[in-house]
Engineer: 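My questions will all concern the structure given below.
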2 protein chains.
Amino acid sequence: MEGETNADTLPVLEARLEQAQLLKKVVDAIKDLVQDCNFDCNDSGIALQAMDNSHVALVSMMLKSESFSPFRCDRNIALGINLTSLQKVLRCAQNEDILTLKAEDAPDVVNMVFESADSDRLSEYDIKLMDIDQEHLGIPDTEYAATINMPSSEFQRICRDLTALSESVSIECTKEGVKFACNGDIGSGAVTLRSHTDVEKPDRNVEINLSEPVALTFSLKYLVNFCKASGLSDSVRLCLSNEVPLLVEYALSNNSYLRFYLAPKVSPL
Amino acid sequence: MEGETNADTLPVLEARLEQAQLLKKVVDAIKDLVQDCNFDCNDSGIALQAMDNSHVALVSMMLKSESFSPFRCDRNIALGINLTSLQKVLRCAQNEDILTLKAEDAPDVVNMVFESADSDRLSEYDIKLMDIDQEHLGIPDTEYAATINMPSSEFQRICRDLTALSESVSIECTKEGVKFACNGDIGSGAVTLRSHTDVEKPDRNVEINLSEPVALTFSLKYLVNFCKASGLSDSVRLCLSNEVPLLVEYALSNNSYLRFYLAPKVSPL
DNA sequence: CGGCTTGCTA
DNA sequence: TAGCAAGCCG
């Protein structure tokens, strides 16, 4: 009997994240693109997919169950959350806090508990949930013509720098390297990175895998936005094919990831 | 004869404060609550008492004569000062400056001199005084049902965090701990601190003295305002009794202090 | 890693 | 003028 009583109150979802920071950074990185979205929870982890308002960009986050310890999700549930509210609550976490997410079956709220490392402080928040029409998008598992791995800080720097000159950037990839170029009223700019690997400084590596040359143009505003995720990973992967959205991927531990897709600009040539 | 001449110009008040910073921080902390007020000077020190415009909060500052070196006040005088003016002048002090306050008998102005520590810089300001009707308030020396000592930074953090969710907070104190809880449109939040003392980190201690459990609700806006005084002291003391204003006290050296009182919200139960 | 100071935006 | 955010320093 005690078991049953316990089962009644046992949340359907219970996920403990050693670093509340991780979720905080994810939300900081996406909340300018997406206002409200579902966190889809099942036994494999917590996933989020959403398009930005103008339907040019798409965010796809996957936090695998292995990124939590422990992780339990007895039923598939979708937590519809306003990201501004979530961000407000995550700001209440201290940097080293441990976060536990909990939700009941058919929940009205998601419960978030922050524990200080030494456990003498416990903060608990409930965020009200909302019903969100899920436009779940099957993202085809594309074979990309070009894949670039580079330091995320370098990509961020390039995007920021070029923003000073233009609203869009062309990314041109050959076997030898990748060229970010733009053209604007005050002049033009281009940053070229050569493919190189250095065993001494692996975090500075630029690796290029290419089956055919690619050249595409993208909105810098969005790319700069994606780069807010730089704090999540030292490196970023860019995947391109002609006439297909760019994939910008930040890999996290345990095969978790944060991905952004961005449709190319139709070039007026 | 020379002595008499000298006596004519000798100020009635002369108070030298090693850290101009102290007064600057005090004024910064209270000037959003109070615009104009009297600094009551007598041989025991300089005191200030004022209610905020809405008569919900009360500020009480006491700078004991021992906090000055030297301190001399030959007659009781009240210096009616506009705090915005005072703040402007105090901004002219550099961080390590020494401040000397001077006033004549029945003064029109208060004179403030800032000396740099190495004495190669001297600034002098006169602030015009104003007549302020003194509504001097006898504050009863209450025995509180609950007294909490905690790091001032932690109290500040809690008040700021909860502001994201609501305009008011309930403070609930039991022997085991103190719980700050609130409820708002986006959800609810609660921070619980356990009473604990750690000889290693005394500045992290949370000490609770309680004669009976207390639960009261207060405006977060005011509490956040009080917390501007956090820079004056590493710890803060909260004193609560049911149906009595909360006392938030920042203790300074030499038994000087800055105290805030805040009437509880009438709970709509 | 945390706190503080400065600058920017509302 | 006040509140929020980013960058720098300890």
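Proteins get letters first, then strands, A, B, ... in listed order; numbering begins at 1 in each. Just so it is clear, the model here is predicted, and its values are computed rather than measured.
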Engineer: In whole angstrom, give the distance that lies between atom NZ of B:Lys24 and atom P of C:dT5.
Structural biologist: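 Value for this atom pair: 10 Å.
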Engineer: Classify A:Gln94 by what it touches in the nucleic acid, base, sugar-phosphate, or nothing, heavy-atom distance under 4.0 Å.
Structural biologist: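 If one applies the 4.0 Å heavy-atom cut-off, A:Gln94 turns out to touch nothing in the nucleic acid.
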Engineer: Quickly work out the B:Asp28 CG to C:dC4 P distance and round it to whole Å.
Structural biologist: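 Spelled out: CG on B:Asp28 to P on C:dC4 is 15 Å.
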Engineer: Can a donor-acceptor pair be found between the side chains of B:Asn38 and B:Gln49 at a distance below 3.5 Å?
Structural biologist: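 Not at all, the side chains of B:Asn38 and B:Gln49 share no donor-acceptor pair under 3.5 Å.
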Engineer: Any ion pair linking B:Lys24 and B:Asp28 (charged N to carboxylate O, less than 4.0 Å)?
Structural biologist: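 Result for this pair is no, no salt bridge flagged.
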Engineer: Is the number of heavy atoms from other residues, nucleotides or ligands under 6.0 Å of A:Gln94 CD greater than 12?
Structural biologist: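 Result for CD/A:Gln94: enclosed.
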Engineer: Indicate whether OP1 or OP2 belonging to C:dG2 is found under 4.0 Å from a side-chain N or O atom of A:Asn95.
Structural biologist: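 So the side chain of A:Asn95 is within the cut-off, an N or O lying under 4.0 Å from OP1 or OP2 of C:dG2.
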Engineer: Any idea how B:Phe260 and B:Phe226 line up, ring-wise: parallel (<30°), tilted (30 to 60°), or perpendicular (>60°)?
Structural biologist: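 Rings of B:Phe260 and B:Phe226: parallel, as their planes differ by under 30°.
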Engineer: Check the interface with nucleotides 1-3 of chain D: list each N/O to N/O pair with the protein under 3.5 Å, or write none.
Structural biologist:
residue	atom	partner	partner atom	Å
D:dA2	OP1	B:Asp32	OD1	3.2

Engineer: Could you grab the distance from atom CE of B:Met112 to atom SG of B:Cys92, nearest 0.5 Å is fine?
Structural biologist: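 That separation rounds to 10.0 Å.
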Engineer: Provide, to the nearest angstrom, the distance between the CG atom belonging to A:Leu90 and the C1' atom belonging to D:dC4.
Structural biologist: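 Going from A:Leu90 (CG) to D:dC4 (C1'), I get 17 Å.
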Engineer: So, taking the atom named CG in B:Leu247 and the one named OH in B:Tyr261, what distance separates them when rounded to the nearest 0.5 Å?
Structural biologist: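 Answer rounded to 0.5 Å: 4.5 Å.
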